[in-house]
Amino acid sequence: VPSLDDLADCFSGRLLTAAEDMAPFLTDWRDLWRGSALAVVQPDSADDVASVVRWCAARGIAIVPQGGNTGMSGGATPEPGANAIILSLARMNRIRTIDGIDNVIVVDAGCILHTVQQAAEDAGRFFPLSLGAEGSCTIGGNLATNAGGTGVLRYGSARDLCLGMEVVTAQGLLWDGLRRLRKDSSGYDLRDLFIGSEGTLGIITGAVMRLYPSPAARATALVAVPSIEAALELFDAVRNRLDTALTAFEFLSENCLSLVLDHRPDLRRPIQQPSPWYLLVELSDLQTADGIRDVLESLLATAFEQDLIVDAAIAETVAQARDFWAIREGIAEAQGRVGKTIKHDIAVPVSRVPAFLSEADAAIGARWPDVRFVTFGHLGDGNIHYNFSPPDGGDQQAFLAQQQPINQVVHDIVVRHGGTISAEHGLGQLRNREIARYKSPIEIELMRQVKQALDPQGLMNPGKLLP
Ligand code: FAD
Ligand code: MLT
Ligand code: ZN
């Protein structure tokens, strides 16, 4: 065991080694993975990060970067028995600058997503990345997982929002790639390599993110639809007419709605008659505060006449819109409360969603008739959280033991439809072995060569992402 004394001297008060101090960093929020580490170090600056990485590289100690620890794939949890330190970015939480003409915000990687949204708003702009964990997740974690969320349909995922990046390499060198360019064809895009690399290539310490104008108004509706086919017909019609004014098209099943309502007595059912599926549709208007609600109402009236929808509740107030969103964004937490969860984060081409769902529902229902389906997600992106909970009162461990065969049934269908086994959560240690089944040997080999080139010692977040 290497001595941590010299590190402790430099990081006095910012190096945790006591078991009780380290405990929250050694497991994920779902308590699915547990690992061990020599210490947790909490740098204040990119230079601090570089010195920690050099210290580790010289001693062959692995590094697990951790942001808000809200990840879904176990990427931020070290392996059991690891000779590793956890590098927490939590103290690196400065907004560095906001520039109106360049329309960017430059932030430390440890900034909480909500803080970035707030800073943009205070400057009269809009930072559109949005997800249920935004009060705790960090920009560094968002970039490292190429996070998506509910604004992707209009604004893209973390990758699309990032213009530049500052990274500490696996050798402990600081690369200043904080560019603000809309155009750059000067060679390999290293920024794009680090996005979605889940801490396996280097440590993101800062980023330049794009800003957008704040919408003057939003109109939000919870819509009951008879089928996914009808939902997609509505999606096609609305997008074709409104294009970028359509800013969200999410879906959830009746199971999801009742799950959230059971756990959130403060929320009420927006549509009384239960329906198999609901949509959360949001329109935004950049120019004027009026009008957008009328547009939504008339679209929904037409859809009703065409039997595409059976009922709809349009939010009358900002608070009501917030409640609709709370239902959608409360699913992950509500599901966590009824037991362990088997999650999927799949995406297929939007047109294939109905076929995927009917095939997967039939295949799972036939082999595991008792599991509870918790199906929801970002329908406009073709990204479905095809999740399962144990049967009421069912044995948690017996349920979790089915995870691998269930994953395989689902993912085989996904890939047959031209999809991916992770749209926005990353592979981490949840899907890193499985990915070998679904990517070609050439693609896996190219990924390995990238890893070998950037992290030849294999010290950056070992056991994650790659098979
Ligand atoms: P962590 O969990 O700390 O880390 C995630 C991965 O990134 C790990 O591999 C870690 O090693 C690496 N990492 C972290 N910081 C850095 C860094 N600075 N440099 C290099 N590597 C780093 N995700 C979505 O995409 N869409 C959603 O809609 C969504 N909804 C969610 C809802 C809830 C209620 C919760 C709890 C989570 C949700 N997530 C969602 C998952 C999660 O919030 C995202 O994956 C988020 O981007 C992770 O950020 P984090 O800071 O918590 O990262
Ligand atoms: C969400 O979109 O709410 C999360 O990404 C999903 C999940 O809990 O699987
Ligand atoms: Zn999601």
Side-chain angles (χ1 to χ4, degrees), residues 25 28-30 33 43 46 49 53 63-78 84 86-90 92-93 107-113 129-152 157-159 165-168 170 194-207 250-252 256 260 280 325 327-336 341-347 374-379 381 383-389 422-430 432 460-465:
F25 298 87
D28 63 304
W29 70 277
R30 296 198 279 150
W33 296 276
V49 173
V53 175
I63 298 175
V64 181
Q66 196 173 101
N69 200 14
T70 68
M72 298 280 197
S73 314
T77 309
I86 292 173
L87 194 152
S88 163
L89 282 290
M92 290 180 55
N93 57 6
V107 299
D108 280 358
C111 272
I112 303 283
L113 174 53
L129 191 67
S130 174
L131 40 119
E134 63 199 23
S136 322
C137 67
T138 62
I139 288 290
N142 299 151
L143 288 167
T145 56
N146 189 20
T150 52
V152 175
S157 53
R159 182 185 306 282
M165 195 180 267
E166 180 187 78
V167 171
V168 170
F194 288 105
I195 296 173
S197 66
E198 301 183 57
T200 63
L201 299 179
I203 295 167
I204 302 163
T205 53
E250 300 281 313
F251 85 127
L252 55 144
C256 297
V260 174
L280 202 163
W325 275 111
I327 291 172
R328 165 60 187 88
E329 300 209 310
I331 303 169
E333 199 196 324
Q335 196 185 5
T341 305
I342 296 180
K343 281 183 188 287
H344 298 94
D345 171 38
I346 66 102
V374 182
T375 306
F376 64 102
H378 317 283
L379 184 58
D381 309 321
N383 177 193
I384 304 167
H385 298 304
Y386 192 65
N387 293 356
F388 299 101
S389 283
S422 182
E424 56 172 16
H425 295 166
L427 301 173
Q429 52 182 311
L430 177 61
N432 64 321
M460 300 306 304
N461 211 3
K464 317 292 169 59
L465 190 147

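Computed from a prediction, not measured in an experiment: that's the story for all the values here. Ligands are counted one by one from 1 in listed order, and the atoms in each one are counted from 1 as well. Computed from heavy atoms alone, side chains included, the values below leave out hydrogens, waters and symmetry copies.
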| task | Specify the closest pair of heavy atoms between A170 and V53, including all atoms of both residues, with the distance to one decimal. | result |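 Taking every non-hydrogen atom into account, O-CG1, 3.5 Å.
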When you measure from the side chain of [X] to the backbone N and O of [Y], does any donor-acceptor pair fall under 3.5 Å?
{"X": "D345", "Y": "I384", "answer": "no"}
{"X": "N142", "Y": "A158", "answer": "no"}
{"X": "N383", "Y": "A347", "answer": "no"}
{"X": "T70", "Y": "C137", "answer": "no"}
{"X": "R30", "Y": "M72", "answer": "yes"}
{"X": "N432", "Y": "G463", "answer": "yes"}
{"X": "Q429", "Y": "T77", "answer": "yes"}
{"X": "E134", "Y": "L131", "answer": "yes"}

| query | Does at least one non-hydrogen atom of E134 fall below 4.0 angstrom from an atom of ligand 1? | reply |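 No heavy atom of E134 comes that close to ligand 1.
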| task | Assess K464 for proximity to ligand 1: is some non-hydrogen atom of it under 4.0 Å away? | result |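 It does not, in that no heavy atom of K464 comes within the 4.0 Å cut-off of ligand 1.
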| query | Parallel, tilted or perpendicular: which fits the ring planes of H344 and Y386, with parallel below 30° and perpendicular above 60°? | reply |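 H344 and Y386: tilted rings.
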| query | Should the ring pair H378 and H385 be called parallel, tilted or perpendicular, given that the plane angle runs from 0 to 90° and is split at 30 and 60? | reply |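 It falls in the perpendicular class, over 60°.
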Give the atom numbers and elements of ligand 1 that come within less than 4.0 Å of a heavy atom of [X].
{"X": "G148", "answer": "24 (C), 25 (O)"}
{"X": "A147", "answer": "25 (O), 47 (O)"}
{"X": "L89", "answer": "18 (N)"}
{"X": "Q66", "answer": "3 (O)"}
{"X": "G202", "answer": "20 (C)"}
{"X": "N461", "answer": "9 (O), 11 (O)"}
{"X": "H378", "answer": "28 (O)"}
{"X": "G199", "answer": "20 (C), 21 (N)"}

Identify the closest protein heavy atom to [atom]: which residue and atom is it, and at what distance?
{"atom": "atom 31 (C) of ligand 1", "value": "M72 CE, 3.8 Å"}
{"atom": "atom 11 (O) of ligand 1", "value": "P65 O, 2.6 Å"}
{"atom": "atom 4 (C) of ligand 2", "value": "H385 NE2, 3.6 Å"}
{"atom": "atom 7 (O) of ligand 1", "value": "A144 CB, 3.3 Å"}
{"atom": "atom 7 (C) of ligand 2", "value": "K343 NZ, 3.3 Å"}
{"atom": "atom 5 (O) of ligand 2", "value": "H425 NE2, 2.7 Å"}
{"atom": "atom 2 (O) of ligand 2", "value": "R328 NH2, 2.8 Å"}
{"atom": "atom 45 (O) of ligand 1", "value": "T145 OG1, 3.6 Å"}
{"atom": "atom 18 (N) of ligand 1", "value": "I204 O, 2.9 Å"}
{"atom": "atom 2 (O) of ligand 1", "value": "G71 N, 2.8 Å"}

| field | Check: H425 and L430 side chains under 4.5 Å, non-hydrogen atoms | value |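 No, side chains not in contact.
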| task | Would you check if E166 and T205 make a side-chain contact, meaning some heavy-atom pair closer than 4.5 Å? | result |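 Yes, their side chains come closer than 4.5 Å.
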| request: Please confirm whether E424 comes under 4.0 Å of ligand 2, counting heavy atoms of the residue only. | output: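 Flag set, E424 near ligand 2.
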| said: If the contact criterion is a heavy-atom separation under 4.0 Å, does N387 count as touching ligand 2? | reply: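 Yes, N387 has heavy atoms under 4.0 Å from ligand 2.
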Mind checking whether [X] has an N or O less than 3.5 Å away from an N or O of ligand 1?
{"X": "C137", "result": "no"}
{"X": "A332", "result": "no"}
{"X": "N69", "result": "yes"}
{"X": "E329", "result": "no"}
{"X": "T150", "result": "no"}
{"X": "T138", "result": "yes"}
{"X": "H385", "result": "no"}
{"X": "G68", "result": "yes"}
{"X": "E333", "result": "no"}
{"X": "V64", "result": "no"}

| message | Quick check for you: with the Zn ion (ligand 3) as the vertex, what angle do NE2 of H385 and OE2 of E424 span, to 10°? | response |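 With the Zn ion (ligand 3) as the vertex, NE2 (H385) and OE2 (E424) sit 90° apart.
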For [X], atoms of ligand 2 separated by under 4.0 Å from a heavy atom:
{"X": "M72", "result": "4 (C), 6 (C), 7 (C), 8 (O)"}
{"X": "H378", "result": "2 (O)"}
{"X": "A332", "result": "8 (O)"}

Can you tell me how far apart [atom1] ([X]) and [atom2] ([Y]) are? Round to the nearest 0.5 Å.
{"X": "C111", "Y": "L89", "atom1": "SG", "atom2": "CG", "answer": "10.5 Å"}
{"X": "C256", "Y": "F251", "atom1": "SG", "atom2": "CZ", "answer": "8.0 Å"}
{"X": "F194", "Y": "I203", "atom1": "CZ", "atom2": "CD1", "answer": "10.5 Å"}
{"X": "K464", "Y": "L427", "atom1": "NZ", "atom2": "CG", "answer": "12.0 Å"}
{"X": "I327", "Y": "L280", "atom1": "CD1", "atom2": "CG", "answer": "8.0 Å"}
{"X": "N461", "Y": "L201", "atom1": "CG", "atom2": "CG", "answer": "10.0 Å"}

Counting only heavy atoms, which portion of [X] has something under 4.0 Å from ligand 1: side chain, backbone, both, or neither?
{"X": "N142", "value": "both"}
{"X": "T70", "value": "both"}
{"X": "L143", "value": "neither"}
{"X": "W29", "value": "side chain"}

| When you check the gap from the basic side-chain N to the acidic O, do R328 and E250 get nearer than 4.0 Å? |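 Result for this pair is yes, salt bridge flagged.
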